[in-house]
Undergrad: 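Mind having a look at this structure? Questions to follow.
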Protein chains: 2
Amino acid sequence: MVKDFTEEEKKGFYKAIYSRRDVRSHFISKSIEDDILSKILHAAHHAPSVGFSQPWNFILIKNIETKNKIKKSFEEEKKRSSQLIEDPKKSKYISFKLEGILESPVNICVTYDPTKFGPFVIGRSSIPEAGLYSVCCAIQNLWLSARTEGIGLGWVSILSNKILKETLELPEHVIPVGYLCLGYVNEFVDKPDLQTAGWLSRLDLKDVVYFEKWENKENENWKNIQELIKKNLNYA
Amino acid sequence: MVKDFTEEEKKGFYKAIYSRRDVRSHFISKSIEDDILSKILHAAHHAPSVGFSQPWNFILIKNIETKNKIKKSFEEEKKRSSQLIEDPKKSKYISFKLEGILESPVNICVTYDPTKFGPFVIGRSSIPEAGLYSVCCAIQNLWLSARTEGIGLGWVSILSNKILKETLELPEHVIPVGYLCLGYVNEFVDKPDLQTAGWLSRLDLKDVVYFEKWENKENENWKNIQELIKKNLNYA
């Protein structure tokens, strides 16, 4: 049995997990140092990938014309999506700050290239989406690494992937997975913005854990952990 | 500017990133304690999610009949996929140990439920896949948390999602995203198994980073970081 993390090391890890936020409004103008950015990208590149295919690319962006195009796409998509709901939700939604494209010094588009090391990739012939999932794991590594360095990150998913592909000149077969805004911040807030705004609540752990089958919440063989989870302990 | 991680805390975080492995063959029989499993699930549940939708569920599995069914599906899919390649790759592929379903004490199926908090979820009307991406971030949190606790995790993507859905009685609209095998191990190997076996090499960071546009590897405005990345520094 391996026990190789000290309590202090574990503390550092869980601090990253619980204090990571989706940042839209606390960016400061300070540039990200090249060695720090490189360190964050290195952490992303060490994510797991199906069949070790490493199917990700990271496009670093600071060009203002590119940022303006993406920001415009965000505004169009936000307007379009606001028409899907009614007041009072609609007004609330419109009032939310949901991106920091221009305020953050570095934007990163993380892409998925299914042709890399293909066509046969171990683990991808039964579940083709597995390649996309690997790219998401890389994004989460990147996000957590940024947090440990004091750098905020916001994932913008209100935009047109078609416009993003054209703007960044992605080939037809390459899929943009995440558009991320990174920069130093003056604060990491305690809770997700949408929780603070009363948009949605955080679920309890007991609401998302089942035993053996879908929706099975009571199972004799898992009695102790059921009790533990019901207590909704705070590990943060 | 926020600088709230000590060097020791950062060290712990990066240790998790670089020593995490996709584990198939080093499981020992020791059970996972309920409080540790609960801690790992809590870390997963604190992943980012599009529009704070928390669209994941975690189905904990130790029932041997369920495990046997999934193992059978793995074997069928491995056989089927081996027919897609020719020797010598085929024999090598067949020889690989690619799952630890029966040897690991706990299996977890992580699912995506697009109806949760829906139909309108902030950030999901332009990019519907964003919900799936959130579930992958939760899996990566879970994986890293397991690593800090000395618990190995292997993601099995050679299986039939149809059989998995039937076995776990998932509703039609729920998508199984990851089937994970967890248990204490007697070793975390230094490098990914497929790298050690010479199946694929790890790419250099310079091979996956572009500047401003797709395939742009030389850009005057990113000169310093280009030089840094070319050195392929080891942050592990």
Undergrad: So if I apply the salt bridge (Lys or Arg N to Asp or Glu O under 4.0 Å) rule between A/Glu9 and each of B/Lys10, B/Arg147, B/Lys15, which one comes out positive?
TA: B/Lys15

Undergrad: Where does B/Asp35 contact chain A at under 4.5 Å (heavy atoms): side chain, backbone, both or neither?
TA: both

Undergrad: Assess the pair B/Tyr14 and A/His42: is the distance between their ring centroids shorter than 6.0 Å?
TA: no

Undergrad: So, do A/Thr6 and B/Glu8 sit near enough that their side-chain heavy atoms are less than 4.5 Å apart?
TA: yes

Undergrad: Kindly compute the distance separating CD (A/Glu33) from CG (B/Leu228), expressed to the nearest 0.5 Å.
TA: 11.5 Å

Undergrad: Less than 4.5 Å apart, any side-chain heavy atom of B/Tyr133 and any of A/Val177?
TA: yes

Undergrad: Please report the interatomic distance CG(A/Leu41) to CG(B/Leu205), rounded to the nearest 0.5 Å.
TA: 5.5 Å

Undergrad: Side chain from CB out, backbone as N, CA, C, O: work out which of these in B/Phe52 comes under 4.5 Å of a heavy atom of chain A, or both, or neither.
TA: both

Undergrad: Is a donor on one side and an acceptor on the other found under 3.5 Å between the side chain of B/Lys62 and the backbone of A/Glu212?
TA: no

Undergrad: In terms of heavy-atom proximity below 4.5 Å to chain A, should B/Leu159 be classed as side chain, backbone, both, or neither?
TA: both

Undergrad: Mind checking whether A/Met1 and B/Asn186 have side chains closer than 4.5 Å, heavy atoms only?
TA: no

Undergrad: Would you give the length of the straight line joining atom NZ of B/Lys11 to atom CZ of A/Phe5, rounded to the nearest 0.5 angstrom?
TA: 9.5 Å

Undergrad: Please report the interatomic distance NZ(A/Lys213) to OG1(B/Thr167), rounded to the nearest 0.5 Å.
TA: 6.5 Å

Undergrad: In terms of heavy-atom proximity below 4.5 Å to chain B, should A/Leu98 be classed as side chain, backbone, both, or neither?
TA: side chain

Undergrad: Below 4.5 Å, heavy-atom pairs only: which of B/Val50, B/Val174, B/Asp22 has the largest tally toward chain A?
TA: B/Val174

Undergrad: I need the residue from A/Lys30, A/Glu215, A/Arg124 with the largest number of non-hydrogen atom pairs under 4.5 Å to chain B.
TA: A/Lys30

Undergrad: B/Asn221 versus chain A, heavy atoms under 4.5 Å apart: side chain, backbone, both or neither?
TA: both

Undergrad: If we define contacts as heavy-atom pairs under 4.5 Å, which of A/Ala130, A/Ala16, A/Ser49 has the most with chain B?
TA: A/Ala16

Undergrad: Could you tell me whether the side chain of A/Ser126 reaches within less than 4.5 Å of the side chain of B/Arg80, counting heavy atoms only?
TA: yes

Undergrad: Hey, which of A/Phe13, A/Trp199, A/Trp56 has the most heavy atom pairs under 4.5 Å with chain B?
TA: A/Phe13

Undergrad: Between B/Lys3 and chain A, which part of the residue has a heavy atom less than 4.5 Å away: side chain, backbone, both or neither?
TA: neither

Undergrad: Chain A: which of B/Ser125, B/Cys137, B/Pro192, B/Gly150 shares the most heavy-atom pairs with it under 4.5 Å?
TA: B/Cys137

Undergrad: Any idea which of B/Phe117, B/Trp143, B/Trp155 has the most non-hydrogen atom pairs under 4.5 angstrom with chain A?
TA: B/Phe117

Undergrad: Among B/Ile158, B/Leu168, B/Thr148, which residue has the highest count of heavy-atom pairs closer than 4.5 Å to chain A?
TA: B/Thr148

Undergrad: Please rank B/Leu132, B/Leu200, B/Ile17 by heavy-atom pairs under 4.5 Å with chain A and give me the top one.
TA: B/Leu200

Undergrad: Does any heavy atom of chain A fall under 4.5 Å from the side chain of B/Phe211, the backbone, both, or neither of them?
TA: both

Undergrad: For A/Val185, is it the side chain, the backbone, both or neither that has a heavy atom under 4.5 Å from a heavy atom of chain B?
TA: both

Undergrad: Is A/Val106 in contact with chain B via its backbone, its side chain, both, or neither, using a 4.5 Å heavy-atom distance?
TA: side chain

Undergrad: Run the side chain to side chain contact (heavy atoms under 4.5 Å, CB included) check on A/Ile229 and B/Asp34 step by step: do they pass?
TA: CA-CA 9 Å; A/Ile229 286 175; B/Asp34 292 315; over 6 Å; no

Undergrad: With a 4.5 angstrom heavy-atom cut-off, could you sort out which part of B/Asn161 is near chain A: side chain, backbone, both or neither?
TA: side chain

Undergrad: What do you reckon, is CD of B/Glu86 surrounded by more than 12 foreign heavy atoms closer than 6.0 Å?
TA: no

Undergrad: With a 4.5 Å cut-off on side-chain heavy atoms, are A/Glu129 and B/Glu129 touching?
TA: no

Undergrad: With a 4.5 angstrom heavy-atom cut-off, could you sort out which part of A/Ser201 is near chain B: side chain, backbone, both or neither?
TA: backbone

Undergrad: Look at atom NZ of B/Lys90 and say whether more than 12 heavy atoms of other residues, nucleotides or ligands are closer to it than 6.0 Å.
TA: yes

Undergrad: For A/Arg202, is it the side chain, the backbone, both, or neither that has a heavy atom closer than 4.5 Å to a heavy atom of chain B?
TA: both

Undergrad: Going by heavy atoms in the side chains, are B/Phe96 and A/Ile122 under 4.5 Å from each other?
TA: yes

Undergrad: Evaluate whether atom CD of B/Glu65 has more than 12 neighbouring non-hydrogen atoms of other residues, nucleotides or ligands under 6.0 angstrom away.
TA: no

Undergrad: At a heavy-atom separation under 4.5 Å, does B/Pro48 approach chain A through its side chain, its backbone, both, or neither?
TA: both

Undergrad: Could you state the interatomic distance from NZ (B/Lys231) to OG (A/Ser38), rounded to the nearest 0.5 Å?
TA: 10.0 Å

Undergrad: In this structure, are over 12 heavy atoms from other groups packed under 6.0 Å from B/Lys223 atom NZ?
TA: no

Undergrad: With a sphere of 6.0 Å drawn around NZ of A/Lys162, does it hold more than 12 non-hydrogen atoms of other residues, nucleotides or ligands?
TA: no

Undergrad: Checking heavy atoms, do the side chain of A/Ile151, its backbone, both or neither come under 4.5 Å from chain B?
TA: neither

Undergrad: Which of the residues A/Leu84, A/Asp4, A/Val156 is involved in the greatest number of heavy-atom pairs with chain B at under 4.5 angstrom?
TA: A/Asp4

Undergrad: Counting only non-hydrogen atoms closer than 4.5 Å, does A/Ile85 touch chain B with its backbone (N, CA, C, O), its side chain (CB onward), both, or neither?
TA: side chain

Undergrad: Between A/Leu203 and chain B, with a heavy-atom cut-off of 4.5 Å, which part of the residue counts as in contact: side chain, backbone, both or neither?
TA: both

Undergrad: Chain B heavy atoms under 4.5 Å from A/Glu187: which part of the residue, side chain, backbone, both or neither?
TA: backbone

Undergrad: Could you give me the CA-CA distance, side-chain angles and deciding distance for B/Val209 and A/Asn57, then say whether side chain to side chain contact (heavy atoms under 4.5 Å, CB included) is met?
TA: CA-CA 6 Å; B/Val209 176; A/Asn57 284 91; over 6 Å; no

Undergrad: So do the side chains of A/Val208 and B/His45 get within less than 4.5 Å of each other, counting heavy atoms only?
TA: yes

Undergrad: With only heavy atoms counted, which part of B/Ile59 is less than 4.5 Å from chain A, the side chain, the backbone, both or neither?
TA: both

Undergrad: So what's closer than 4.5 Å to chain A heavy atoms on B/Ser160: side chain, backbone, both or neither?
TA: neither

Undergrad: Would you give the length of the straight line joining atom CD1 of A/Ile127 to atom CD of B/Glu77, rounded to the nearest 0.5 angstrom?
TA: 8.0 Å

Undergrad: Under 4.5 Å, counting heavy-atom pairs only, tell me which of B/Asn141, B/Thr66, B/Val135, B/Ile28 racks up the most with chain A.
TA: B/Asn141

Undergrad: Answer yes or no: is there a side-chain heavy-atom contact under 4.5 Å between B/Leu60 and A/Tyr210?
TA: no

Undergrad: Among A/Glu227, A/Glu169, A/Gln195, A/Lys39, single out the residue with the greatest number of heavy-atom pairs under 4.5 Å to chain B.
TA: A/Lys39

